[in-house]
Amino acid sequence: MSARRDPSNAEIAAVLEELGDRYELDGAIGHRVNAYRNAADAVRSAPGSIAALVRAGTVTEIPGIGATLEEKLTDLLNTGEIPALTKLRAKIPAGLLELTRMRGLGAKRVRKLWDELGVDSPDALRAALADGSVAELKGFGASSAAKIQAILDAAAEQASQPQRTLLPRALEIGEALRDELRAHPSSHRVELAGSARRQAESVKDLDLIATADDAAALVAAFAASEFVAEVQSSGPNGAHASTHAGLDVDLRIVPPAQFGNLLQHFTGSKAHNVALRTAAQARGIRVSERGILFEETGELVRCDDEVAVYETLGLTWVPPELREDRGELRLQAGEVPTLIELADLRGDLHLHSTKSDGRGTIGEMALAAIQRGHEYLVITDHSASHGFGNHVTADELRRTIEEVRQINEQLDGFELLAGSEVNIGSTGELDYPDDLLAELDWVVASVHTAFGNDPTARIIAACEHPSVDLIGHPTGRMLPDRPAYDVDVPAIIAAASRTGTFLEINGSPRRRDLNEFHARAAKDAGVLLVIDSDAHGPETLDNQRWGIATARRAWLTADDVANTRSWEELRALRKGGR
DNA sequence: GCCGTTTTCGGCCCGACTGTTTTCAGTCG
């Protein structure tokens with residue numbers, strides 16, 4: 001008997017996604033297919049282990065998972081497979097899934113190509129296009145054939161590139177485009193909507209919405225922008241284009257009276273809008289980007305700003321970061337949390353200098369922090385066994401402490417503090433002697449190596465250490481493609497709560513670790529979070545911005561974050577109130 | 001397949017765009 005590791009939420013979500021896709025190709029009704037996709041979304045967004053809920057018999061408490069899926073997931077855990085999926089895999093060629101997952105090709109047309117022409121893969125589709133049989137197929141035609149050829153080419157091109165763009169890059173392009181359109185004489189209001197406005201970790205494309213005197217002129221200016229590589233389609237009300245950075249952009253232009261409806265609609269998320277519309281529909285109200293239609297009276301309410309959209313529906317406006325259908329639609333007036341802002345942070349508690357792998361000296365980092373309005377800064381270079389070069393021996397750390405103290409004496413109204421980002425070793429041990437750790441003002445403990453070696457137990461051991469203040473990047477994920485190491489986050493949250501250890505939201509845009517789900521679970525458990533930059537140079541002190549984005553998506557207020565406090569107040573919150 | 005202060009059966013967000021159509025299906029966001 002071989003021990004089988006429980007599948008992660010991401011793996012379970014992928015299985016549900018595959019079931020949905022294969023059922024769709026098999027001709028199942030759309031709502032059943034949607035049920036699988038909804039369930040996949042729900043699993044992906046769950047903070048704790050879905051496998052554990054299945055084992056506990058409580059997984060049907062997750063909205064979107066009912067008795068049938070519970071049974072399928074139980075099979076998956078116990079046997080490693082789901083009979084229905086095994087059958088579907090035998091029936092539906094994998095190449096069809098690949099085809100339906102290309103943008104512009106759906107299950108219906110892929111199925112027809114398979115039934116009529118035997119097309120079962122991208123290569124087979126290329127061949128069918130080449131010999132003209134696609135164009136002759138009823139319901140397709142020459143124009144469709146040309147379009148499908150373009151879809152295949154685009155998919156081949158995209159396969160070599162990351163599919164989603166991390167938020168900083170997306171905002172850089174999106175805000176520049178927005179500002180360009182705002183400067184156009186014809187435009188009135190231009191806003192970036194979509195997942196970029198919601199400050200998600202990454203975005204698939206950009207949504208720009210606008211009002212203008214002369215919509216056609218604004219569309220023309222957009223098409224001529226230096227950021228735009230190719231315009232896929234354009235009309236009097238907008239255009240769809242791709243940028244040189246490989247990011248697609250949608251521009252939509254509406255009359256001013258409808259701007260609020262459009263901004264609300266294109267800010268999303270899809271889950272938020274579906275939930276909002278479903279609830280409205282039960283009251284005889286139909287909501288769309290065109291307006292809010294009261295079916296009984298036939299009145300169509302258009303809103304020039306977004307607050308009015310929510311008010312018309314009897315709902316409370318919530319910040320875009322909350323719009324994920326995670327409870328925000330049930331908030332009454334006065335219940336919306338006052339989300340933390342960058343200006344609330346008073347110090348930075350995790351960053352590097354030239355003592356280890358940073359690019360700025362201790363003095364340069366302190367100066368950069370002062371320029372950003374910080375009140376305190378802890379130098380937390382890597383420790384003795386960092387393993388990637390630039391390690392800091394115990395003696396070097398002692399000299400660093402001295403240097404920090406000397407620089408601090410020269411600084412007025414600012415506290416420069418001595419710390420370290422200590423490695424959590426392969427058995428949970430730390431790589432400095434305890435008496436040296438006790439001398440430090442602040443200790444971050446992080447896993448950097450041996451990811452397969454029970455990181456949960458090692459991190460819990462670090463929480464138990466009397467000198468450890470903060471667990472750094474607790475899950476180790478690296479966006480877009482290095483998954484978290486196999487770590488039991490609820491267990492770590494419990495250990496942090498028990499021991500009075502803080503948990504990090506690392507602001508590096510590739511980390512944002514803890515993520516928004518885990519950070520919200522930590523808050524709910526009463527654990528204080530720390531938002532820091534993990535800066536490796538003066539300019540990356542600004543990375544706290546991305547940590548704030550995750551914190552806001554996790555519903556955090558200033559009170560939930562330790563470094564919104566003065567250093568004196570924060571120090572009193574350390575273990576033993578040192 | 002899920003779900004329920006109008007439902008345990010009969011619904012499931014809504015509109016734009018495209019291409020093939022003679023009134024609509026497929027796909028997307």
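Below, chains carry the letters A, B, ... as their sequence lines are ordered, and counting in each starts from 1. Both backbone and side-chain heavy atoms feed into the values below; hydrogens, waters and symmetry mates do not.
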> By side chain to side chain donor-acceptor pair (under 3.5 Å), which residues pair with A:T58, not counting sequence neighbours?
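For A:T58 there are no side chain to side chain donor-acceptor pair (under 3.5 Å) partners, ignoring immediate neighbours.
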> Do any pairs count as a side chain to side chain donor-acceptor pair (under 3.5 Å) and have a residue in residues 291-301 of chain A, sequence neighbours left out, and if so which ones?
A:R286-A:E295
> How would you list, by chain and number, every residue that makes a salt bridge (charged side-chain N to carboxylate O under 4.0 Å, His left out) with A:R512, sequence neighbours excluded?
none
> Using a 3.5 Å cut-off and no angle test, enumerate the donor-acceptor pairs between side-chain atoms of residues 225-238 of chain A and protein atoms at least two apart in sequence or in another chain.
residue : atom : partner : partner atom : Å
A:S225  : OG   : A:E180  : OE2          : 2.7
A:S225  : OG   : A:F227  : N            : 3.1
A:Q232  : NE2  : A:S242  : OG           : 3.3

> Provide the distance between the two P atoms, one in B:dC2 and one in B:dT6, to the nearest whole Å.
23 Å
> Determine all donor-acceptor pairs shorter than 3.5 Å in which one atom belongs to a side chain in residues 16-23 of chain A; sequence neighbours excluded.
residue : atom : partner : partner atom : Å
A:E17   : OE1  : A:R44   : NH2          : 2.6
A:E18   : OE1  : A:R89   : NH2          : 2.8
A:E18   : OE2  : A:R22   : NE           : 2.8
A:E18   : OE2  : A:R22   : NH2          : 3.2
A:E18   : OE2  : A:R89   : NE           : 2.8
A:E18   : OE2  : A:R89   : NH2          : 3.4
A:D21   : OD1  : A:R37   : NH2          : 2.8
A:D21   : OD2  : A:R101  : NE           : 2.8
A:D21   : OD2  : A:R101  : NH2          : 2.8
A:R22   : NH1  : A:I92   : O            : 2.7
A:Y23   : OH   : A:R32   : NH2          : 3.4

> In chain order, what residues pass the salt bridge (charged side-chain N to carboxylate O under 4.0 Å, His left out) check against A:R520, with sequence neighbours excluded?
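For A:R520 there are no salt bridge (charged side-chain N to carboxylate O under 4.0 Å, His left out) partners, ignoring immediate neighbours.
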> Which residue pairs satisfy the side chain to side chain donor-acceptor pair (under 3.5 Å) criterion with at least one member in residues 119-129 of chain A, sequence neighbours excluded?
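Residue pairs with at least one partner in residues 119-129 of chain A: A:R126-A:D153.
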> Could you tell me how far apart A:L19 (CG) and B:dG1 (P) are, to the nearest whole angstrom?
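Going from CG in A:L19 over to P in B:dG1 covers 10 Å.
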> Going by an N to O cut-off under 4.0 Å, is there a salt bridge joining A:R553 and A:E201?
no
> How would nucleotides 19-29 of chain B be written as a contact map, 5' to 3', with B for base contact, S for sugar-phosphate-only contact and - for no contact, using protein heavy atoms under 4.0 Å?
SSS----SSSS
> What is the distance, rounded to the nearest whole Å, between atom CG of A:N237 and atom C1' of B:dG15?
13 Å
> With sequence neighbours excluded, what pairs up with A:R189 under the salt bridge (charged side-chain N to carboxylate O under 4.0 Å, His left out) test?
none
> Quick check: closest heavy atoms across A:D214 and A:S186, and the distance to 0.1 Å?
N-OG, 2.8 Å
> May I ask you to say what A:K112 touches in the nucleic acid, namely base, sugar-phosphate or nothing, with a heavy-atom cut-off under 4.0 Å?
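Result for A:K112 = nothing.
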> Atom CD of A:E295 and atom P of B:dC13: how far apart are they, to the nearest Å?
14 Å
> Below 4.0 angstrom, which residues in residues 122-135 of chain A have at least one non-hydrogen atom near DNA chain B?
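Per residue number, the list is empty: none.
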> Is any side-chain N of the basic residue among A:R103 and A:D248 closer than 4.0 Å to the acidic one's carboxylate O?
yes
> Expressed in angstrom and rounded to an integer, what is the separation of A:I292 atom CD1 from B:dC13 atom P?
18 Å
> Please encode protein proximity along nucleotides 3-10 of chain B as a string of B, S and -, counting only heavy-atom distances under 4.0 Å.
S--B----
> Mind calculating the distance between CZ (A:F294) and P (B:dC14) to the nearest angstrom?
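Going from CZ in A:F294 over to P in B:dC14 covers 14 Å.
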> When the P atoms of B:dC12 and B:dG19 are compared, how many Å lie between them, rounded to an integer?
29 Å
> Near DNA chain B, counting only heavy atoms under 4.0 Å, which residues of residues 311-321 of chain A show up?
none
